[in-house]
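Just below is one structure, and these are the notes that go with it.
Throughout, numbering of the chain's residues begins at 1 and tracks the sequence.
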Amino acid sequence: MTNGTPEPANDTLQDDPVFERPTFIHPQWSVGIVIMLGLVSLLLGLGNPLWLLGGSPFILTLAVWVVVRVVQWRRRARDHGDGVLADEPRPDV
């Protein structure tokens with residue numbers, strides 16, 4: 001910051017092909033707490049429907065987390081680890 005004017009943001013990390021954005025921008029401990037609350041609300045909701053109503057934001061977050069993890073798992077399984085997808089021809093080495 002010079003003379004009260006902000007300097008331009010350094011976006012070199014985002015241009016780096018190795019840089020990966022975190023899947024969830026919140027700290028891992030906060031995501032874990034919300035997921036545990038969603039699981040508890042879901043289990044307690046089997047006996048009392050009010051838990052399903054009260055815990056619905058946590059249950060929805062749990063569902064989104066599960067879907068994102070499954071998609072990531074499937075993408076990693078599709079990728080051989082060398083950047084070549086399974087349906088693409090492999091380069092001769």
* Asked: Is it true that the side chains of Q72 and R75 contain a donor and an acceptor less than 3.5 Å apart?
  ->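 Note: Q72 and R75 side chains miss the donor-acceptor criterion.
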With rounding to the nearest 0.5 Å, note down the distance linking [atom1] in [X] to [atom2] in [Y].
| X | Y | atom1 | atom2 | answer |
| --- | --- | --- | --- | --- |
| L52 | L44 | CG | CG | 9.5 Å |
| T61 | I33 | OG1 | CD1 | 13.0 Å |
| L37 | L42 | CG | CG | 12.5 Å |
| I35 | I59 | CD1 | CD1 | 13.0 Å |

* Asked: Taking all atoms of both residues into account, what is the closest heavy-atom pair of P27 and S30, and its distance?
  ->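 Closest pair (atom of P27, atom of S30, distance): O-OG, 2.8 Å.
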* Asked: Looking at F58 and S41, what are the two nearest heavy atoms and their distance?
  -> CD1-OG, 4.4 Å
* Test applied, side-chain contact (heavy atoms from CB on, under 4.5 Å); reference residue, W65; option that passes from V70, L60, V31 ->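 Exactly one option meets the side-chain contact (heavy atoms from CB on, under 4.5 Å) with W65, and it is V31.
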* Single-linkage hydrophobic cluster W29~V34, side-chain heavy atoms < 4.5 angstrom ->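 Same cluster.
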